[in-house]
Amino acid sequence: QVQLVESGGGLVQAGGSLRLSCAASGNIFSINSMDWYRQAPGKQRELVADITSGGGTNYADSVKGRFIISRDNAKNTVYLQMNSLKPEDTAVYYCNAVLATLNFPSLTRSYWGQGTKVTVSS
């Protein structure tokens with residue numbers, strides 16, 4: 001069993017900051033990429049940022065320069081520091097990890113967290 005648990009969402013005023021965390025636990029053998037997605041009401045889920053096991057990062061154009069993704073491999077945790085938040089950042093943020101389990105160390109698959117809600121007021 002693998003679990004991804006997000007935390008850190010909440011209500012913040014425009015221009016403010018929040019830091020999201022996502023901890024992966026369970027019978028994990030290795031984790032490849034860890035990603036943050038978001039889904040706003042009535043919209044499709046979109047990739048916000050991702051980070052490889054080696055620390056390479058990628059960001060959606062809409063968050064470049066404002067959000068920073070990082071990870072602590074020892075803790076199997078990924079973070080998303082969100083600065084200069086805008087009302088259009090309001091969404092449920094989901095953590096995703098592509099990983100292999102101890103039972104099947106050569107097989108990777110995608111796991112999702114339950115989501116954490118971020119609301120940015122104007």
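What you see is a predicted model; the values in this text were computed from it and never measured. Heavy atoms only: backbone and side chains are in, while hydrogens, waters and symmetry mates are out.
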**Study point:** Check: Y93/R38 side-chain N/O donor and acceptor closer than 3.5 Å
**Key:**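 A pair is found: one side chain offers a donor N or O, the other an acceptor, under 3.5 Å apart.
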
Review point. Going by distance alone, is a donor N or O of one side chain under 3.5 Å from an acceptor N or O of the other, for N32 and T108?
Key: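 Side-chain D/A pair, N32 to T108: absent.
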
**Study point:** Q3 atom CD, neighbour heavy-atom count above 12 within 6.0 Å
**Key:**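 No.
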
Check your understanding: Is D89 paired with K86 through a side-chain N to carboxylate O contact shorter than 4.0 Å?
Key ->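 Not counted as a salt bridge, because no side-chain N and carboxylate O are separated by less than 4.0 Å.
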
Heavy-atom check, side chain of [X] versus side chain of [Y], under 4.5 Å:
{"X": "W36", "Y": "D50", "value": "no"}
{"X": "S122", "Y": "Q13", "value": "no"}
{"X": "L102", "Y": "I28", "value": "no"}
{"X": "I51", "Y": "D35", "value": "no"}

Mind checking the [atom1]-[atom2] spacing from [X] to [Y]? Nearest 0.5 Å is all I need.
{"X": "S21", "Y": "L80", "atom1": "OG", "atom2": "CG", "value": "9.5 Å"}
{"X": "S110", "Y": "L99", "atom1": "OG", "atom2": "CG", "value": "8.0 Å"}
{"X": "N58", "Y": "L47", "atom1": "CG", "atom2": "CG", "value": "6.5 Å"}
{"X": "Y37", "Y": "R45", "atom1": "OH", "atom2": "CZ", "value": "9.0 Å"}
{"X": "T57", "Y": "F67", "atom1": "OG1", "atom2": "CZ", "value": "14.0 Å"}
{"X": "R71", "Y": "C22", "atom1": "CZ", "atom2": "SG", "value": "10.5 Å"}

Taking all non-hydrogen atoms of both residues into account, name the closest pair between [X] and [Y] and its distance.
{"X": "A100", "Y": "P105", "result": "CB-O, 3.5 Å"}
{"X": "L85", "Y": "R66", "result": "CA-NH1, 3.9 Å"}
{"X": "Q39", "Y": "A91", "result": "O-CB, 3.5 Å"}

Point to revise | Cluster link L20 to V92, ILVMFWY, side chain under 4.5 Å | key: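 Shared cluster, no.
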
Check your understanding: What about Y59 and M82, same hydrophobic cluster or not, with Ile/Leu/Val/Met/Phe/Trp/Tyr joined at side-chain heavy-atom distances under 4.5 Å?
Key ->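 Same hydrophobic cluster.
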
**Study point:** Check: T77 side chain, A23 main-chain N or O, donor-acceptor pair, under 3.5 Å
**Key:**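 Between the backbone of A23 and the side chain of T77 there is no qualifying donor-acceptor contact (under 3.5 Å).
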
Review point. So, S62 side chain and A60 main chain: donor-acceptor pair closer than 3.5 Å or not?
Key: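 The answer is no, because no donor-acceptor pair under 3.5 Å joins these two groups.
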
Check your understanding: Given S17 and N83, is the side chain to side chain donor-acceptor pair (under 3.5 Å) satisfied, shown in steps?
Key -> CA-CA 4 Å; S17 298; N83 301 319; 3.0 Å; yes

Exercise for review: Check each of T90, T119, L18 against V12 using the side-chain contact (heavy atoms from CB on, under 4.5 Å) test, and report the only one that passes.
Suggested key: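 Result for side-chain contact (heavy atoms from CB on, under 4.5 Å) with V12: L18.
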
Exercise for review: Could you point out which residue of N76, T101, I31 forms a side-chain contact (heavy atoms from CB on, under 4.5 Å) with V2?
Suggested key: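 Going through the options one by one, the only one that passes is T101.
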
Review point. What's the verdict on side-chain contact (heavy atoms from CB on, under 4.5 Å) for C95 and Q114, showing C-alpha distance, side-chain angles and the deciding distance?
Key: CA-CA 8 Å; C95 173; Q114 80 288 351; over 6 Å; no

Check your understanding: According to the interplanar angle, ranging from 0 to 90°, do the rings of Y94 and W112 count as parallel (below 30°), tilted (30 to 60°) or perpendicular (above 60°)?
Key ->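 Geometry flag for W112 against Y94: perpendicular rings.
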
Point to revise | Within 45° cone and under 6.0 Å: R19 NZ/CZ vs Y79 ring | key: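 R19 over Y79 ring: yes.
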
